[in-house]
Structure formats: C-alpha cells, structure tokens
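I have placed the structure first, in the form of structure tokens, so that the comments after it can refer back to it.
Keep in mind that what you see is a predicted model, and the values were worked out from it rather than measured.
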Amino acid sequence: AVVSGWPRYGRHVLFASSRTPNSPPSFGLFTVPFEGGPERRVTMSEGKEGVVSPDGREIAYVRGPGTWYRKGYRGSSNDDVWICNADGTNNRRVTSFNGQDSSPMWSADGQSLYYVSEFHGVSNVVRFSVASLLAGKGSAELTKPVPVTNHAEEAVRRARVSRDGNWIVYECGGDLW
C-alpha cells in the first residue's frame, strides 16, 4: 500500500493498493480511518496517485495500466488523469492524451489541476482548468493543458504541489527542482 492523500478535512487516509481481485493485478484507491479499521474501496477500477481536492469533495487520480515510463511512449498502456467524488462516484476523465499523464495535483483554489504530461513534447508540469467539469457544465475534451515547466531534454517525474499552491517540487534528470 502507498499512502497518497491526507485530506485537509475528514478523518481518513487515502491510499493505493493492489489488493484488488482484478487479473492482472492493478492498483485501486482505498480509504482507511485515522483511528484504524477496515478499508473502503474508492475506485471501482484502476486508480493510483490519488489526491484529495482542497475542499475534500473530489479526488483526482491516475487511471491506466502504465507501471513503467518510456520517453515518448504512445499506446494502450498509457495513463490518464481522472476525477471522482470523494466517495468514489461520478468518475470523469480529465485527460485523453495518447501518452503518459501522471502526478495529479490540485491548485490551492481547487479550480485547476497540475499534472505531469508529454502533451507538449518532453514530460513537463502542465495546468488544466477543471472548473466547468466540476460544475457539470462541460467536457475536458475541448481544453488543452497549459505548460508550467519547460524542460527540453530530461523528463519531469513525481511532482507535488505545496498546500498553498506557491511551489511545485519535482524530479528532473538527477535533480530536485
């Protein structure tokens, strides 16, 4: 199990685990009370890298079979970013790029997602407005992600944003940025 989310509000920890009955095995998202007790499955199919929105109402997560990274990969093993309600209902696909999308992060106001994508070439952090998607008034299909970082050679990996949204820390090459 990998802890992936500490909600600001609420009394549960969000984690990813391969304790699903799926074959082949894949990760799913679960919650467990801070005090201990039985886990509750959040995603009904694949889910990993889950992060809880600032208001605690939604979870952004990665869905897809990708368990490895290869620069420039395009194909059936790519991962996409999805959003669901905190209870696991109302799953909505945010990205449909035919490459890898990972490391979703909520903006401080909860109106945008940052994530790592090769949409513009080499993996970089991008920003994507999800305000209309959250309000149920639109589709993510019509909007393109906006570049936040611009690394040309090495890929960005494992990005995380500070709670106030002022800083994003990530790996690129052998360094932390």
Side-chain angles (χ1 to χ4, degrees), residues 2-10 12-16 26-31 40-66 69 74 78-151 155-170 177:
V2 177
V3 173
S4 58
W6 294 84
R8 188 179 302 185
Y9 309 105
H12 292 81
V13 174
L14 180 66
F15 69 97
S26 64
F27 278 91
L29 289 176
F30 299 82
T31 60
R40 182 181 66 79
R41 181 146 189 188
V42 176
T43 54
M44 292 315 294
S45 70
E46 301 161 330
K48 56 191 172 196
E49 298 184 45
V51 288
V52 180
S53 64
D55 64 8
R57 294 182 182 165
E58 283 89 24
I59 296 171
Y61 64 97
V62 173
R63 182 175 173 187
Y69 174 77
R74 304 292 183 267
N78 70 302
D79 291 336
D80 288 308
V81 176
W82 288 63
I83 298 173
C84 67
N85 294 346
D87 65 0
T89 61
N90 196 20
N91 288 267
R92 291 148 286 173
R93 187 178 192 169
V94 176
T95 66
S96 58
F97 169 59
N98 191 27
Q100 295 295 85
D101 294 324
S102 64
S103 300
M105 303 164 277
W106 289 96
S107 62
D109 65 4
Q111 298 300 297
S112 295
L113 281 175
Y114 296 99
Y115 59 96
V116 175
S117 180
E118 288 186 335
F119 187 89
H120 298 286
V122 175
S123 282
N124 275 284
V125 176
V126 297
R127 181 179 48 81
F128 188 85
S129 175
V130 292
S132 63
L133 188 63
L134 293 174
K137 297 179 181 173
S139 167
E141 300 294 321
L142 303 176
T143 309
K144 293 189 183 339
V146 176
V148 174
T149 61
N150 190 24
H151 295 278
V156 168
R157 297 177 309 281
R158 292 181 272 284
R160 292 292 173 255
V161 67
S162 62
R163 183 168 290 196
D164 64 8
N166 289 328
W167 297 92
I168 296 177
V169 176
Y170 56 89
W177 289 72

List the residues meeting side chain to side chain donor-acceptor pair (under 3.5 Å) with Arg57, not counting sequence neighbours, and say none if there are none. none

Of all heavy-atom pairs linking Lys48 and Phe27, the shortest is CB-CB, 4.1 Å

With under 30° as parallel and over 60° as perpendicular, where do the rings of Tyr170 and Trp177 fit, or are they tilted in between? parallel

With a 4.5 Å limit on heavy-atom distance, are the side chains of Leu14 and Thr31 in contact? yes

Please identify each residue that fulfils salt bridge (Lys or Arg N to Asp or Glu O under 4.0 Å) with Arg158, with sequence neighbours left out. Glu171

Closest heavy-atom pair, Arg41 versus Gly28, reported as atoms and distance to 0.1 Å, is NH2-CA, 4.1 Å

Any side-chain to backbone donor/acceptor pair from Ser53 onto Gly110? Under 3.5 Å, distance only. no

Quick one: does Val125's side chain get under 4.5 Å of Met105's, heavy atoms only? yes

Side-chain contact, heavy-atom cut-off 4.5 Å: Trp106 with Val51? yes

Say you draw a straight line from CG of Asn85 to CG of Asp87; how long is it, rounded to the nearest 0.5 Å? 5.5 Å

According to the interplanar angle, ranging from 0 to 90°, do the rings of Phe30 and Phe15 count as parallel (below 30°), tilted (30 to 60°) or perpendicular (above 60°)? parallel

Minimum heavy-atom separation for Val42 to Ala86, with atom names? CG1-O, 4.1 Å

Contact check, side chains of Asn90 and Arg92, non-hydrogen atoms, under 4.5 Å: yes

Can you find a heavy atom in the side chain of Thr95 that is under 4.5 Å from one in the side chain of Ser117? no

Donor-acceptor contact present, side-chain Asp80 to main-chain Asn78, <3.5 Å: no

Does Glu49 use its side chain to pair, donor to acceptor, with the backbone of Ser103 at less than 3.5 Å? yes

Could you tell me if the side chain of Pro145 sits less than 4.5 Å from the side chain of Tyr115, heavy atoms only? yes

Identify which one of Ile83, Val161, Val126 satisfies the side chain to side chain contact (heavy atoms under 4.5 Å, CB included) criterion when paired with Leu113. Ile83

Separation between CG (Asp101) and CD (Glu118), nearest 0.5 Å, reads 9.0 Å

Output the distance between atom OH (Tyr61) and atom OG (Ser102), rounded to the nearest 0.5 Å. 15.5 Å

Is there a side-chain contact between Thr149 and Tyr114 in this structure, where contact means two heavy atoms from C-beta onward sitting under 4.5 Å apart? no

How long is the span from the CZ atom in Phe128 to the CZ atom in Phe119, to the nearest 0.5 Å? 9.0 Å

Minimum side-chain heavy-atom gap Thr43-Arg63 below 4.5 Å: no

Output for pair (Lys144 NZ, Phe97 CZ), nearest 0.5 Å, gives 11.5 Å

